[in-house]
A.B. asks: 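The structure is given below, and queries will be raised subsequently.
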Amino acid sequence: VKVKIPFGNKYLDAIYSVPEKNPAYGVILTHGAGGDMNFPHLVSLAAYLVSHGILCLRFTCKSLNVVYRTRAFKTVVEYVKHSDDYKLSGVFLAARSMGSRAAASVIHQLSQDDVDDGFIQGLVCLSYPLYRPKLQSKIRDEDLLLIRCPVLFISGSADKMCEKQLLESVVSKIKAPKKIHWIDKANHGLAVKGRTTDDVMEEINAEVYSWLRETIQLEHE
């Protein structure tokens, strides 16, 4: 279902993927600095989650300004929250690369605004860009360290923007429940020599889904 989400004097293009049964939970997905909501990884993840009963909304926001991207993401969260079409108990924010920086920023801002009503259940970071290539001295961890909801990181062990030990060191300081799933020998684009994209995506999709299920279950225990 295609939708246009009002954002200032513009609209953000988005697509709902809706499961057959009424979903209790949803995932809001967005892309990195390049591409759009039809980036193959997002399409694959949305299809997998929908087939397992989780609603997905993918949206496009092409700005390279992370503050602007954060505002756009916040607008989409509000849109889904107040939607009359789908009454969700909660959503997870999931995004690639720069999009995951924006998602982390949204969660941090909402928790500061005292509007943290538990609607956002968790965060999935695909290839979180911990620093710019070769700029390991400038770590982008300010929002991550203040997040209070569960976080899943999926990163390639050969990602030049997210060195393994550095991410593990940052994640060890996050007080919320957290998990890192390493894709062996994958680069920032989560591509692995000798493995097909579909094969890598199967691993990612299954990991995201099992983590979502675990997190939702823990919420309800």
Side-chain angles (χ1 to χ4, degrees), residues 1-20 23 25-83 85-86 88 90-107 110 119-129 152-156 161 183 186-191 197-198 200-209 211-212:
V1 183
K2 288 186 178 176
V3 287
K4 286 197 175 289
I5 299 173
F7 178 52
N9 55 2
K10 297 183 189 164
Y11 287 89
L12 298 169
D13 287 314
I15 292 178
Y16 269 116
S17 303
V18 187
E20 285 175 20
Y25 291 93
V27 173
I28 301 175
L29 289 167
T30 195
H31 53 92
D36 56 22
M37 65 183 168
N38 296 317
F39 188 75
H41 288 190
L42 302 185
V43 175
S44 171
L45 181 57
Y48 187 91
L49 294 177
V50 163
S51 71
H52 288 77
I54 295 173
L55 175 126
C56 286
L57 176 77
R58 310 193 313 273
F59 76 93
T60 295
C61 178
K62 292 206 170 187
S63 171
L64 295 181
N65 178 317
V66 78
V67 176
Y68 185 86
R69 288 284 294 266
T70 302
R71 286 212 325 269
F73 213 136
K74 211 169 171 183
T75 301
V76 176
V77 171
E78 290 300 313
Y79 177 85
V80 173
K81 187 175 181 177
H82 300 296
S83 159
D85 299 322
Y86 314 105
L88 299 174
V91 294
F92 290 83
L93 308 191
R96 258 192 60 75
S97 193
M98 182 191 185
S100 62
R101 279 183 71 204
S105 193
V106 168
I107 293 174
L110 290 176
F119 185 66
I120 295 178
Q121 300 271 319
L123 168 65
V124 178
C125 298
L126 303 172
S127 294
Y128 188 86
L152 170 67
F153 293 89
I154 293 188
S155 280
M161 295 171 75
I183 307 285
N187 62 14
H188 188 65
L190 294 173
T197 304
D198 286 350
V200 174
M201 280 317 298
E202 267 175 46
E203 179 183 339
I204 292 169
N205 295 346
E207 181 61 35
V208 171
Y209 175 63
W211 180 82
L212 293 180

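Values below: every heavy atom of this structure, side chains too, minus hydrogens, waters and symmetry copies. Keep in mind the model is a prediction, meaning the values are calculated, not measured.
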A.B. asks: How many angstroms lie between NE2 in His31 and CZ in Phe39, if you round to the nearest 0.5 Å?
C.D. replies: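 It comes to 10.5 Å.
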
A.B. asks: Supply the atom-to-atom distance Leu88 CG to Ser83 OG, rounded to the nearest 0.5 angstrom.
C.D. replies: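 The distance works out to 7.5 Å.
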
A.B. asks: Can you tell me if Ser105 uses its side chain to pair, donor with acceptor, with the backbone of Arg101 under 3.5 Å?
C.D. replies: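 No; judged by distance alone, with no hydrogens or angles, the pair does not exist.
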
A.B. asks: Tell me, do Lys62 and Asp36 make a side-chain contact under 4.5 Å, heavy atoms counted?
C.D. replies: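 Counting from C-beta outward, Lys62 and Asp36 do come under 4.5 Å.
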
A.B. asks: Would you check, one step at a time, whether the test side chain to side chain contact (heavy atoms under 4.5 Å, CB included) holds for Val91 with Gln121?
C.D. replies: CA-CA 6 Å; Val91 294; Gln121 300 271 319; over 6 Å; no

A.B. asks: Which pair of heavy atoms, one from Ala14 and one from Met37, lies closest together, and at what distance?
C.D. replies: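 The pair with the smallest heavy-atom distance is CA-SD, 3.7 Å.
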
A.B. asks: So, for His52 and Tyr209, is the gap between ring centers shorter than 6.0 Å?
C.D. replies: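 Between His52 and Tyr209, the centre distance is under 6.0 Å.
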
A.B. asks: Which heavy atom of Gly122 sits nearest to which heavy atom of Ile107, and what is that distance?
C.D. replies: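 Scanning both residues completely, I find the closest heavy atoms to be O-CD1, 4.3 Å.
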
A.B. asks: Evaluate side chain to side chain contact (heavy atoms under 4.5 Å, CB included) for Leu57 paired with Ile5, printing each intermediate quantity in order.
C.D. replies: CA-CA 11 Å; Leu57 176 77; Ile5 299 173; 4.0 Å; yes

A.B. asks: Search all heavy atoms of Cys61 against all heavy atoms of Tyr68 and return the closest pair with its distance.
C.D. replies: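 Looks like SG-CE2, 3.8 Å.
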
A.B. asks: Give the ring-plane orientation class for Phe73 versus Phe59, where under 30° counts as parallel, over 60° as perpendicular and anything between as tilted.
C.D. replies: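 The rings of Phe73 and Phe59 stand perpendicular, inter-plane angle above 60°.
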
A.B. asks: Distance from Met98 atom CE to Ser63 atom OG, nearest 0.5 Å?
C.D. replies: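 If we round to the nearest 0.5 Å, Met98:CE and Ser63:OG are 6.0 Å apart.
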
A.B. asks: Within the side chain of Thr75, is there an N or O that forms a donor-acceptor pair under 3.5 Å with the backbone of Arg71?
C.D. replies: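 Present.
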
A.B. asks: Compare every heavy atom of Leu123 with every heavy atom of Ala103, then report the nearest pair and how far apart it is.
C.D. replies: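 Taking Ala103 first and Leu123 second, the nearest heavy atoms are CB-CD1, 3.6 Å.
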
A.B. asks: Show your working on side chain to side chain contact (heavy atoms under 4.5 Å, CB included) between Tyr16 and Val80 and close with a plain yes or no.
C.D. replies: CA-CA 10 Å; Tyr16 269 116; Val80 173; 3.9 Å; yes

A.B. asks: Closer than 3.5 angstrom, by distance alone: can the side chain of Ser127 be matched with the main-chain N or O of His188 as a donor-acceptor pair?
C.D. replies: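 Yes; judged by distance alone, with no hydrogens or angles, the pair exists.
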
A.B. asks: Is there a side-chain contact between Lys4 and Leu12 in this structure, where contact means two heavy atoms from C-beta onward sitting under 4.5 Å apart?
C.D. replies: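 Not touching, per the 4.5 Å side-chain cut-off.
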
A.B. asks: How many angstroms lie between atom OG of Ser100 and atom CZ of Phe153, to the nearest 0.5 angstrom?
C.D. replies: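 Answer rounded to 0.5 Å: 8.0 Å.
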
A.B. asks: So do the side chains of Arg58 and Asn38 get within less than 4.5 Å of each other, counting heavy atoms only?
C.D. replies: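 Yes, side chains in contact.
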
A.B. asks: Run the side chain to side chain contact (heavy atoms under 4.5 Å, CB included) test on Phe92 and Ile54 for me, step by step, so that the C-alpha distance in whole Å, both residues' side-chain angles and the decisive distance to 0.1 Å come before the verdict.
C.D. replies: CA-CA 10 Å; Phe92 290 83; Ile54 295 173; over 6 Å; no

A.B. asks: Roughly how far, to the nearest 0.5 Å, is CD of Glu203 from CD1 of Ile183?
C.D. replies: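 Going from the CD1 atom of Ile183 to the CD atom of Glu203 covers 3.5 Å.
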
A.B. asks: Looking at Leu190 and Ile154, what are the two nearest heavy atoms and their distance?
C.D. replies: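 Taking Leu190 first and Ile154 second, the nearest heavy atoms are CD2-O, 4.5 Å.
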
A.B. asks: What is the distance from atom NZ of Lys81 to atom CD1 of Ile28, rounded to the nearest 0.5 Å?
C.D. replies: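 If I round to the nearest 0.5 Å, the distance is 11.0 Å.
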
A.B. asks: Which residue in the set Leu55, Val208, Leu212 passes side chain to side chain contact (heavy atoms under 4.5 Å, CB included) when paired with Val27?
C.D. replies: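 Between Val27 and the candidates, side chain to side chain contact (heavy atoms under 4.5 Å, CB included) is satisfied uniquely by Leu212.
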
A.B. asks: Can you name the closest pair of heavy atoms from Ala46 and Ser17 and give their distance?
C.D. replies: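 Minimum heavy-atom contact is CB-OG, 4.2 Å.
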
A.B. asks: Give a yes or no on whether the backbone of Tyr48 and the side-chain of Ser51 come within a donor-acceptor separation of less than 3.5 Å.
C.D. replies: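 Answer holds: yes.
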
A.B. asks: Would a distance-only check, ignoring hydrogens and angles, find a side-chain to backbone donor-acceptor pair under 3.5 Å from Arg69 to Gly32?
C.D. replies: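 Checking the backbone N and O of Gly32 against the side chain of Arg69, a donor-acceptor pair under 3.5 Å is found.
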
